[in-house]
Participant: 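There's a structure below that I have some questions on.
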Amino acid sequence: MSGGRSTDYNPRPMTVRTRFAPSPTGYLHIGGVRTALFNWLFARRHGGQFLLRVDDTDAERNVAAALRPILDGFRWLGLDWDEGPEVGGPYAPYYQSQRGDRYAEAVERLLATGAAYRDYATGDEIQAEREEAQRDKRRFLYSRRWMAETDADAARFEAEGRRAAVRLKMPREGACRFRDLVRGDVEFEWGLEQDHVVQRADGTCLYHLASAVDDHDFAITHVIRAVEHLSNTPRQLFITTALGYEPPAFAHVPYVAAPGGAEKLSKRKLDRYLRHHEFKAIYDRGLSVAERSRIEVSPETFNPVVVDFYRAVGYDPDALLNYLLLVGWSLDDRTERFTRDEMVAHFSLERINRAAASFDPVKLAAFQERRMQALGVDERVARATPFLERAGLVAAPPSPAELARVRDVVAAAGERIKVAGDVLDYPEFFQADGDVAYDGKAFDKRLRKDGVAPRLRRFRDRLEATRPFDAATFERTLHEFVEAEGIRIGQVIHAVRVAVTGKAVGFGLFEGLAILGPDACLARIDRALARLASQDSAA
RNA sequence: GUCCCCAUCGUCCAGAGGCCUAGGAUUCAGCCCUUUCAAGGCUGAGACACGGGUUCGAAUCCCGUUGGGGACGCCA
């Protein structure tokens with residue numbers, strides 16, 4: 001596939017080029033997004049390009065399906081890629097599974113220059129050496145016993161029925177030094193490095209080789225990735241220089257740690273994180289939104305460690321990005337709120353922290369809340385409506401009347417709607433009068449009290465005569481009523497709220513009554529009164 | 001086990017020898033506001049892991065201890 005492309009040296013471009021290399025796993029990890037964000041920001045900051053490369057050297061057949069949620073996640077977050085899957089680019093293809101001939105070519109060159117050798121050891125033989133090293137409490141180093149130094153060696157091994165993998169012939173002396181843009185000067189003893197396999201016996205090649213070749217082929221200037229890769233860097237540098245490439249700059253960012261802990265955040269440890277109360281609260285909240293909006297909850301993706309969780313619950317992508325930016329990076333001692341442009345304008349690798357930081361979903365929620373407050377009503381309506389549609393509370397698409405209702409509710413609920421899915425806390429404004437569910441506790445506390453029923457009936461009659469039917473008028477009416485009855489405001493307002501909305505809590509009652517309109521309000525009060533009467537007689 | 005890294009409030013960060021009786025955010029507690037719930041306002045609690053140096057002076061530099069973590073694949 002590499003066609004007529006000249007293979008050896010790409011001219012080092014003047015522009016910054018970064019990449020994020022997802023492997024098609026079917027989900028986008030929150031820590032991965034943070035790394036991707038740093039890459040994206042750095043490229044945008046310097047007017048360069050950000051690209052996506054698909055690390056599918058271990059290819060299975062459903063790469064496309066497993067990649068889609070990841071690309072969707074990037075799109076949702078607004079992290080656009082200049083080159084990569086779906087958009088292509090001048091260095092296509094961007095799938096490692098399609099670049100095999102480039103890797104094979106590189107392996108040949110490595111072999112030709114003596115930077116690599118054909119190795120005929122079997123897995124068991126390597127394993128035996130490894131165990132021996134373990135027993136001697138020393139770091140394993142392959143003996144090179146089955147290394148084919150000549151064609152004759154190779155022929156002899158092959159006659160034994162052995163098949164060759166290709167290993168790097170790592171230096172056994174000296175040190176590999178390089179300057180990491182986050183960690184400063186780092187040094188690794190060459191003598192401690194393995195003779196890593198770069199090509200399997202079946203001819204397929206491995207990640208490190210592919211990565212080094214691709215980074216060169218794609219003219220990547222800055223490799224910004226998680227620290228897990230720090231110790232992989234010497235072997236990649238070895239490959240890179242053996243191939244005659246100019247190495248990119250490296251920046252290894254710390255991993256994102258588990259909530260309240262220090263170990264690496266892992267998608268597979270959800271059960272353990274749920275023991276963390278705050279984490280569980282976020283999860284439960286999301287779960288209730290998902291249930292009510294009938295979102296399919298798969299343990300694979302409905303997980304606060306996976307980005308899709310936040311989309312499903314109605315978080316704002318900018319809030320997530322803003323929060324993630326601050327996990328391991330800061331501008332100064334007080335700036336926390338960043339618009340996308342501000343992030344781009346201020347981001348720098350120098351200010352990335354060296355220590356791992358734990359993921360705090362509660363602080364993320366705080367960012368989300370503030371972000372939501374900053375959005376106008378129209379925007380909040382646009383985000384909330386799909387949740388109501390999925391819950392079957394409005395038609396899809398909603399009628400003009402429904403849309404007006406959504407707008408009224410969202411405006412009245414104001415800051416109570418912290419994630420778009422929170423709109424589902426107010427189903428009573430979208431349900432038929434007879435469908436409104438009563439909170440039993442609230443009903444007992446506010447309505448099942450001596451004297452409440454007759455008073456509620458008197459208030460109902462006053463309400464019926466009240467015009468115009470708006471919040472300000474209700475407030476006046478209520479105060480007049482309270483004075484006439486010689487009671488405190490709390491002695492009637494809670495009863496009205498429970499009767500009309502079924503709940504003890506909610507946004508301003510007067511706004512609520514106005515939104516519902518006279519017919520619904522009166523019908524609901526009558527219904528509550530009837531329920532009170534029937535249950536009293538039953539009891 | 002071997003190699004490497006990290007270490008400031010519960011959590012995220014600021015701090016690059018004197019501006020630090022350590023600052024901001026979040027969380028938590030109390031108060032105010034209030035028809036409930038939120039929001040908001042105010043107040044408060046809360047940290048330089050420990051031990052040695054260096055220095056007139058150390059959260060900041062050095063060494064050690066302890067603790068935590070990561071990497072050690074014919075995975076990516």
Side-chain angles (χ1 to χ4, degrees), chain A residues 21-25 55-58 96 119 121-123 126-127 130 133-141 163-167 183 186-189 191-194 196-202 204-208 210-211 226-233 252 254-255 257 259-264 276 278 323 326-337 351 353-367 369-370 373 413-418 422 425 442 446 475 478 482 488-498 501 503-510 512:
Chain A
S23 45
T25 52
D55 278 15
D56 56 349
T57 47
D58 216 22
Q96 290 193 327
D119 179 56
T122 63
I126 292 291
Q127 188 53 32
R130 193 168 265 131
Q134 184 88 285
R135 267 199 309 279
D136 297 351
K137 298 184 178 184
R138 42 159 244 271
R139 195 179 175 90
F140 164 67
L141 258 199
R163 297 191 63 201
V166 176
R167 283 181 186 276
R183 319 195 64 86
V186 286
E187 183 177 318
F188 291 89
E189 293 288 324
L192 264 17
E193 291 294 317
Q194 307 299 328
H196 302 279
V197 171
V198 290
Q199 187 180 61
R200 298 183 180 96
D202 68 5
T204 58
C205 101
L206 264 19
Y207 168 75
H208 295 291
S211 190
V227 252
E228 290 92 299
H229 290 285
L230 183 61
S231 58
N232 298 334
T233 309
H252 288 92
Y255 60 90
E263 76 276 18
K264 201 162 67 169
H276 186 260
E278 296 177 336
Y323 168 71
L326 266 13
V327 177
W329 182 89
S330 66
L331 176 64
D332 54 31
D333 64 337
R334 55 200 62 226
T335 314
E336 289 216 304
R337 296 275 294 153
R351 291 197 62 85
N353 225 129
R354 268 177 292 280
S358 70
F359 175 64
D360 180 3
V362 174
K363 186 148 183 174
L364 164 56
F367 273 81
E369 195 176 314
R370 282 192 283 166
Q373 289 172 356
E415 295 170 348
R416 291 167 184 79
I417 296 180
K418 294 171 178 168
D422 283 345
D425 284 344
R446 299 303 188 184
E475 181 146 21
L478 186 87
V482 161
R488 279 171 294 110
I489 201 164
Q491 288 175 274
V492 63
I493 199 163
H494 299 300
V496 176
R497 180 188 294 281
V498 176
T501 68
K503 297 187 294 202
V505 299
F507 51 78
L509 178 63
F510 305 128

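Naming convention: chains lettered A, B, ... in sequence-line order (proteins, then strands); numbering from 1 in each chain. Note that the coordinates shown come from a computational prediction; the quantities given were computed from them, not determined experimentally.
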Participant: Under the 3.5 Å rule, do the base of B:rC6 and the side chain of A:Arg354 count as making a donor-acceptor pair?
Facilitator: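 No, the side chain and the base share no sub-3.5 Å donor-acceptor pair.
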Participant: Between the base of B:rU35 and the side chain of A:Arg497, is there any donor-acceptor pair under 3.5 Å?
Facilitator: yes
Participant: Mind running salt bridge (Lys or Arg N to Asp or Glu O under 4.0 Å) on A:Arg138 and A:Asp136 for me, showing each step along the way?
Facilitator: CA-CA 5 Å; A:Arg138 42 159 244 271; A:Asp136 297 351; 3.0 Å; yes
Participant: Applying the Watson-Crick and G-U wobble criteria at under 3.5 Å, what pairs with B:rG67? Answer none if nothing qualifies.
Facilitator: B:rC6
Participant: Quick one: are A:Arg354 and A:Pro254 in side-chain contact, heavy atoms under 4.5 Å?
Facilitator: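 Sidechains of A:Pro254 and A:Arg354: no contact.
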Participant: Under 3.5 Å for both donor-acceptor distances, Watson-Crick or wobble: does B:rU35 have a partner, and if so which one?
Facilitator: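 Pairing partner, where one exists within any strand: none, as none qualifies.
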Participant: Starting at the 5' end of RNA chain B and moving along, which residue's nearest nucleotide shows up first, A:Leu230 or A:Gly328?
Facilitator: A:Leu230
Participant: Could you please name the partner base of B:rA22, counting Watson-Crick and G-U wobble pairs only when both distances are under 3.5 Å?
Facilitator: none
Participant: Is the phosphate of B:rC13, meaning OP1 or OP2, less than 4.0 Å from a side-chain N or O of A:Lys363?
Facilitator: no
Participant: Would you please confirm or rule out a distance under 4.0 Å between OP1 or OP2 of B:rG1 and any side-chain N or O of A:Arg139?
Facilitator: no
Participant: Mind checking whether A:Arg446 and A:Arg497 have side chains closer than 4.5 Å, heavy atoms only?
Facilitator: no
Participant: Please report the distance separating the C1' of B:rA59 from the corresponding atom of B:rC20, rounded so that it comes out in whole Å.
Facilitator: 9 Å
Participant: Whom does B:rC72 pair with, Watson-Crick or G-U wobble, provided both distances fall under 3.5 Å?
Facilitator: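 By the stated definition (distances under 3.5 Å), B:rG1 pairs with B:rC72.
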Participant: Quick one: on RNA chain B, does A:Tyr207 or A:His196 contact a more 5' nucleotide (nearest heavy atom)?
Facilitator: A:His196
Participant: Find the partner of B:rC28: check Watson-Crick (N1-N3 plus N6-O4 or O6-N4) and G-U wobble (N1-O2, O6-N3) distances, both under 3.5 Å, and reply none if neither fits.
Facilitator: B:rG44
Participant: Stacking check: are the rings of A:His229 and B:rG70 less than 5.5 Å apart at their centres and under 30 degrees in tilt?
Facilitator: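 No.
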Participant: Does B:rA58 have a Watson-Crick or wobble partner in any strand here, with both distances under 3.5 angstrom, and which is it?
Facilitator: none
Participant: Relative to each other, are the rings of A:Tyr323 and A:Phe359 parallel, tilted or perpendicular (30° and 60° limits)?
Facilitator: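 A:Tyr323 and A:Phe359: perpendicular rings.
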Participant: Using only side-chain N and O atoms of A:Asn353, determine if any of them is under 4.0 Å from OP1 or OP2 of B:rA7.
Facilitator: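 Checking B:rA7 against A:Asn353, no side-chain N or O comes under 4.0 Å of OP1 or OP2.
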